[in-house]
Amino acid sequence: MIRIENVSKTFDNAKAASVDDLSLTIGEGSTVALIGPSGCGKTTTMRMINRLIDPTSGKIFVNDQDVTQADPVQLRRHIGYVIQSVGLFPHLTIGENIAAVPRLLGWSKSKLDSRVDEMLDLVGLDPAEMLKRYPRQLSGGQRQRIGVARALAADPPVLLMDEPFGAIDPIARERLQNEFKAILRRVRKTVVFVTHDLDEAIRLGDRVAIMRSGKIVQHDSPEQILSHPADEFVASFVGVDRAIKRLSLFTVRDVMTSDASEASNADLVHPDVTLKDALAIMIGRGTEALIVGEDDRATGRLTREALLSV
Amino acid sequence: MKWAPKHIPEILLAVWQHLVLSVTSVLIGLVVALMIGVLCARRPKLYAFALTISNVIFVIPSLALFALLIPFLGLGTKPALVGLSSYCLLILLRNIVTGLQGVPADVLDAADGMGYSRWQRLIRIELPLALPMIVSGARIALVTVIGIATVAAFIDGGGLGTIILIGIDQEYPEKILVGGVLTALLAIIFDFAMTQAEKLVTRWR
Amino acid sequence: MLTVAIDWIASHPSEFLRALGQHLLMSGISLGLGLAIALPLAVLILNRTSLAFGVINTVNALRTLPSLAILAVMMPLLGIGLMPSIVALTVLAVPPILLNAYVGLRDVDPDALEAAIGMGMSRRQVLWKVRIPLAAPSMFAGARTAAVQVLAGATLAPFIGGGGLGDFVVTGIGIMDMSRLLVGAVPIAILALGTEFTLGQLQRVLFSERTAS
């Protein structure tokens with residue numbers, strides 16, 4: 001779907017390349033996180049996909065089309081783009097903001113109107129309330145959702161996001177990330193996003209590419225990166241607690257035993273709780289096992305042994 | 001007030017001429033300043049140069065400026081229009097460029113990334129966002145020009161200055177006052193009207 | 001045309017220099033008077049809000065009147081000649097100086113004022129040692145604007161017999177002699193630009209150390 005082949009970028013007057021002979025293939029419908037320390041070239045790489053930056057050498061293909069040969073303006077209208085500060089147009093209403101790219105593409109008014117309503121629904125906002133408001137009247141979280149709605153309005157096959165949840169407060173961030181994950185399950189898109197937050201990368205990404213000094217050091221599933229870091233740099237980047245982080249990739253449901261014999265209704269743990277949180281609960285209670293269930297009905301059991309051997 | 005009530009048509013004509021002269025000059029100035037401003041907004045050296053030239057023009061006393069234009073344009077409304085439009089340039093250029101430079105960088109990046117062409121970005125995003133500043137500049141320019149336009153009467157440009165000059169010639173104080181006060185009134189009315197326009201344009205703030 | 005104009009100046013030195021002298025005289029005196037009136041007035045209305053309201057509004061209203069009208073109005077009151085012109089030009093000079101000085105004095109950094117009062121300075125000392133020095137750039141900017149206004153107004157002085165370089169412009173238009181026109185217009189322009197430039201440089205020299213810190 002997206003093929004980056006031997007791409008390099010050296011900016012004028014720069015001594016070293018920002019992106020150094022980078023190759024990456026992103027499968028259709030998958031979500032890839034680009035992550036790494038500041039200056040590693042992750043944002044530059046992403047911005048070369050929609051030609052906001054032109055590569056010094058190498059080729060990039062989106063849907064087998066060489067982007068370096070395409071008209072940048074047309075290209076960008078078919079790629080969704082969300083930045084950290086969102087960049088909503090202050091002088092346009094929310095409805096007009098969302099309709100921006102479809103309007104550039106010449107959609108009819110009725111099609112525009114229904115699409116805007118559809119997008120607001122998708123990101124969990126009430127069209128009646130939001131349509132005529134202006135960006136300055138919205139909270140940070142709402143603006144972020146509108147940014148996503150705006151990027152998806154023209155139904156692009158590809159979505160690029162630069163630190164999309166970076167400006168949101170930590171409490172709202174996890175909630176928004178989970179909602180975003182749910183949205184992606186409904187609309188099948190190829191997503192490339194840049195982040196410096198490892199938790200975000202492993203939460204949202206099907207695959208994670210760790211970058212350093214313009215190169216990709218490891219490109220793998222989150223599970224693989226956490227359990228088998230490629231070298232010292234990746235190991236220290238993901239942190240000493242990677243084993244615990246890895247537990248957040250699994251839920252109780254993955255490891256529990258179905259054992260409805262336990263009658264106790266007290267302190268049931270929901271099957272969708274992550275193993276990381278389950279371990280924390282175990283430690284907090286000082287127990288070796290948890291009763292799993294929902295809606296006041298026990299459905300199984302989770303032992304510490306089973307948890308730790310996932 | 002002996003003379004004024006008997007010469008309303010004459011006075012109204014002068015007011016009309018004055019208005020047409022002032023408004024047209026500001027409009028011409030706007031068009032020119034917009035073209036230069038769009039070019040200069042992201043080119044600091046060009047901007048400094050354009051600003052210096054506009055400043056030079058602004059400092060030259062109006063009668064002298066009109067006088068310098070007469071050998072080329074003769075007498076009448078032509079040198080008046082050219083002179084008055086040039087006066088507006090400094091105020092308008094500064095406000096237009098400040099307005100354009102005030103568009104947040106992330107809004108521009110979002111527009112680029114979404115697929116606006118340079119021209120579309122300018123027309124649909126940058127200029128609308130700079131509009132409050134532009135209208136403010138047009139207001140100041142208009143009020144300033146209404147004052148200076150009185151001198152245009154001397155080079156046959158018409159307007160309320162004509163009444164003032166006749167008043168001086170005939171040593172007729174009432175005419176001087178009528179001309180002066182009406183000019184001041186025009187300036188105040190348009191200042192108010194443009195302030196309302198400014199408020200309309202900044203609804204989204 | 002320009003060469004004819006220069007020739008004329010060369011062959012009529014006394015006439016030219018007299019006009020130049022009148023022009024500089026009335027401009028200089030008016031500016032000086034304007035400063036002498038406006039600056040103390042600004043200080044006076046500083047802490048008297050009702051008086052300030054009246055004065056500021058009067059000055060603002062004055063600003064809307066065209067310079068030509070202000071000059072012309074002098075005629076029935078004071079006759080024609082140099083003196084009424086100076087009075088009119090002084091009236092032109094006062095608003096920019098007063099407004100800039102007032103705003104500059106009023107909007108002095110409140111932290112600096114608090115520090116000064118805390119140190120035990122009297123009202124007078126605060127005024128002279130803190131407010132006025134900090135408001136000086138504003139005052140200077142006002143004086144600069146006033147200078148430009150006064151020079152522009154001086155150009156129109158011939159209408160009430162005040163003389164000055166504007167005389168050549170008026171004569172030139174009257175007899176449709178373009179070169180005579182330039183004898184007036186070009187020196188006026190040079191004078192205006194020169195003043196603006198010199199004052200600009202002066203402003204930079206006097207007040208640049210503040211921005212350095």
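Here is how names work: the chains are called A, B, and so on, in the same order as the sequence lines, proteins then strands, and each is numbered from 1. Heavy-atom basis, side chains included; hydrogens, waters and symmetry copies ignored. Nothing here was measured: the structure is a model prediction, and the numbers come from that model.
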- prompt: Looking at C:I80, C:V170, C:V73, which makes the most heavy-atom pairs under 4.5 Å with chain B?
  reply: C:V170
field: Audit row: B:H18, B:V15, side chain to side chain contact (heavy atoms under 4.5 Å, CB included) steps and yes/no
entry: CA-CA 5 Å; B:H18 202 99; B:V15 170; 5.6 Å; no
Part of B:L68 within contact of chain C (heavy atom distance under 4.5 Å): both
- request: List the steps and the verdict of side chain to side chain contact (heavy atoms under 4.5 Å, CB included) for B:L51 and B:L93.
  value: CA-CA 7 Å; B:L51 215 56; B:L93 184 62; 4.2 Å; yes
- prompt: Which answer fits B:L165, side chain, backbone, both or neither, if we ask what part of it has an atom under 4.5 Å from a heavy atom of chain C?
  reply: side chain
query: Looking at B:I155, B:I164, B:V151, which has the largest count of heavy-atom pairs under 4.5 Å with chain C?
result: B:I164
- prompt: Could you walk me through whether C:F140 and C:L206 pass the side chain to side chain contact (heavy atoms under 4.5 Å, CB included) check?
  reply: CA-CA 10 Å; C:F140 193 86; C:L206 285 177; 4.1 Å; yes
statement: Bottom line for B:N55: the part with an atom under 4.5 Å from chain C's heavy atoms is side chain
- request: Give, as side chain, backbone, both or neither, the part of C:L193 having an atom under 4.5 angstrom from any heavy atom of chain B.
  value: both
- prompt: Does B:F154 have its ring centroid less than 6.0 Å away from the ring centroid of C:F159?
  reply: yes
- request: Report the C-alpha separation of C:R63 and C:N60 in whole Å, then their side-chain angles, then the decisive distance to 0.1 Å, and conclude whether the side chain to side chain contact (heavy atoms under 4.5 Å, CB included) test is met.
  value: CA-CA 5 Å; C:R63 257 192 338 157; C:N60 267 327; 3.2 Å; yes
message: Heavy-atom cut-off 4.5 Å, strictly under: side chain, backbone, both or neither for B:I168 against chain C?
response: both
Residue pair C:M176 / C:L181, side-chain heavy-atom distance below 4.5 Å: no
message: Students often mix this up, so state it plainly: with edges at 30° and 60°, are the rings of C:F16 and C:F168 parallel, tilted or perpendicular?
response: parallel
- request: With a 4.5 angstrom heavy-atom cut-off, could you sort out which part of B:L65 is near chain C: side chain, backbone, both or neither?
  value: neither
query: Taking every heavy-atom pair that is under 4.5 Å apart, which of C:A152, C:G184, C:P66 has the most such pairs with chain B?
result: C:P66
task: Could you tell me which of C:A61, C:A72, C:A69 has the largest number of non-hydrogen atom pairs under 4.5 Å with chain B?
output: C:A72
